[in-house]
Amino acid sequence: MLDIKFIRENPEAVQTAALQKRMEIDLDGILRLDRRRRENITEAEQLKKQLNAASAEIGKKKKAGEDTSGAIAAMKEVSARIGEMDDACREIEAELRRKMLRVPNIPDPSSPVGGEDKNIDLRSWGEKPEFTFTPAPHWELGEKMRMLDLPRGAKVSGSGFFVLTGIGAKLQRAVINFMLDRHVAAGYTEVRPPYLVNTATMTGTGQLPKLEDDMYRIANDDLYLIPTAEVPVTNMHAGETLRAEDLPLKYVAYTPCFRREAGAHGKDTRGMIRVHQFDKVELVKIVRPEDSWNELESLLADAENILQLLELPYRVRVLATGDLSFAAAKCYDLEVWAPGVGNYLEVSSCSNFLDFQARRMNARYRPAPKEKLQFVHTLNGSGLALPRTIIALLENHQTKQGTVRIPEALRPYLGGIDQIK
RNA sequence: GGAGAGAUGUCCGAGUGGUUUAAGGAGCACGCCUGGAAAGCGUGUGGGUGUUAACGCGCCUCCUGGGUUCGAAUCCCAGUCUCUCCGCCA
């Protein structure tokens, strides 16, 4: 959420941001409601002041045994009027909030303006492997090696679900443990959050109200399956006043993620590139405002480190405004090369949300004793998403013999084996 | 799922309709006192929001949201969370 004061004073910047992000907002409605709200409050508070004084007076008179019926009758009217104005104000505020919750964060100036085609390739790492044969896609490798069972995933759940079996399941477990250990070594605290969260939590990080259709909802209990660990982990500190000396908070969480992928039907349908349920290791940071840009760079480096240790070629892109998510001010995408499918696959998005999520969640800290409370900054990034990392491992490290080489760093997690046959 | 108890400021804790504009204590900050300190004494002590150039002046805030009343921490309704017991359960 943006600060209403900021919107009031910079309406054109807000409008421009929404256009750049290709999102519709009701800016005029917001400004109008904001004005009405303040007029209403000013007037109602005058009446409340009057009422408070009169009520105290009545109390005194009653104690003294004086007649108060006239004053009470007069105040009855004032009280009724206040009630009306408070009702009106509540309605105005609810509508204002509804509209404010749909205003996206403003892109940082370093984000290129435009659509997907304006994303900037910042750098790449590693060499794409050269094959003396045509590299197979992961669904072929996975089936041949009895690691990946797509038909049975579809049978028990539907399209967009898969089953990892045998060494495939073990490989994924190994990669998860490897990632967690790396990030913990880099100073992140491991957490295991709930996978079901309430409406307030989904609103706090910005998934609601905009992405309602993209999520699985448990209607009976008004809970949602998390689309990313970002949601429960960031919201752990919703409504809290954090101690300055505790910042930055750095968390790493492994969770499954659930996404309906509404509107993405027919895209990346083969294999496990785009699925309804996948595992992910997520990094979350809660930091002081002045540190957030540096923290974004180190977050990105922490995610990149995983790909490097897994010996997977990748590129880093700066997302253009049209590709930026609702809550993000800036985002780097990490895309790993997948020779079998012949494409780069997004395995991580590292974003700085500035105080946008913090304001929604009401997460603050005191910069120094005696200073006013301030909103913290929040960041997150995948470190990394599992299926696509597994895809890249299989496709990049496949050999002519039909085996898959295990990178050095992963071997301790697989009982020391150097290949999968 | 059933029965019960509870939630008050940074903390402890009083408070069942009107000098509570939240008692009292602790903590913290500042001042006095002191050679310095302790003790003692005094003053201050949250958050949100409206208005204002600012000082300031208000309003809201006793878990949350409604309601009753001229007036609610206090009464009523709904909900959340914590604890105890019972039942069920991996």
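Side chains are part of it too, since the values below use all heavy atoms of this structure and drop only hydrogens, waters and symmetry mates. These numbers were taken from a predicted model, which means no experiment stands behind them. To find a chain, count down the sequence lines: A is the first, B the second, and so on, and within it residues start at 1.
For A/D246, the side chain to side chain donor-acceptor pair (under 3.5 Å) partners two or more places apart in sequence, or in a different chain, are A/R243. For A/E43, the salt bridge (Lys or Arg N to Asp or Glu O under 4.0 Å) test picks out A/R81, with sequence neighbours left out. A/H138 is linked by a ring pair (Phe, Tyr, Trp, His ring centres under 6.0 Å) to nothing, counting only residues two or more places apart in sequence or in another chain. With sequence neighbours left out, A/Q419 forms a side chain to side chain donor-acceptor pair (under 3.5 Å) with A/T403. Looking at residues two or more places apart in sequence or on another chain, you find no side chain to side chain contact (heavy atoms under 4.5 Å, CB included) involving A/E143. Looking at residues two or more places apart in sequence or on another chain, you find a side chain to side chain donor-acceptor pair (under 3.5 Å) between A/Q308 and A/Y314. The side chain to side chain contact (heavy atoms under 4.5 Å, CB included) search around A/N294 returns none, not counting sequence neighbours. Under the ring pair (Phe, Tyr, Trp, His ring centres under 6.0 Å) criterion, A/Y254 pairs with no residue, sequence neighbours left out. Every residue meeting the side chain to side chain donor-acceptor pair (under 3.5 Å) condition with A/D108, not counting sequence neighbours, appears here in chain and number order: A/S110.
Here, B/A14 and B/A73 have their C1' atoms 12 Å apart, quoted to the whole Å. With C1' as the reference atom, B/G65 and B/C60 are 15 Å apart, rounded to whole Å. Nucleotides B/C11 and B/G2 have their P atoms positioned 33 Å apart, rounded to a whole Å. The P atoms of B/U69 and B/U80 are separated by 28 Å, rounded to the nearest whole Å. B/U8 and B/C63 are spaced 7 Å apart, taking the P atom of each and rounding to whole Å. Taking atom C1' on both B/U68 and B/U74, the two are 13 Å apart, rounded to the nearest angstrom. When the P atom is used for both B/C75 and B/C62, the distance is 14 Å, rounded to whole Å. Between B/C41 and B/A5, the distance separating the two P atoms is 42 Å to the nearest Å.
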Using a cut-off of 4.0 Å between protein heavy atoms and nucleotide atoms, how would you tag nucleotides 62-77 of chain B 5' to 3' with B, S and -?
-> ----SS--BS------
Each nucleotide of nucleotides 44-59 of chain B classed B (base within 4.0 Å of a protein heavy atom), S (only sugar-phosphate) or -, in 5' to 3' order, makes ---SSSSS------BB
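Taking a pair as Watson-Crick or G-U wobble with both distances under 3.5 Å, RNA chain B forms stems of 3 or more consecutive pairs at B:1-7 with B:80-86, B:10-12 with B:24-26, B:27-32 with B:40-45, B:46-51 with B:56-61, B:63-67 with B:75-79.
Ring centers of A/Y251 and A/H237: under 6.0 Å apart, within the cut-off. The ring of A/F278 has its center no closer than 6.0 angstrom to the ring center of A/F258.
Atom CE in A/M85 sits about 15 Å away from atom C1' in B/C60, given to the nearest Å.
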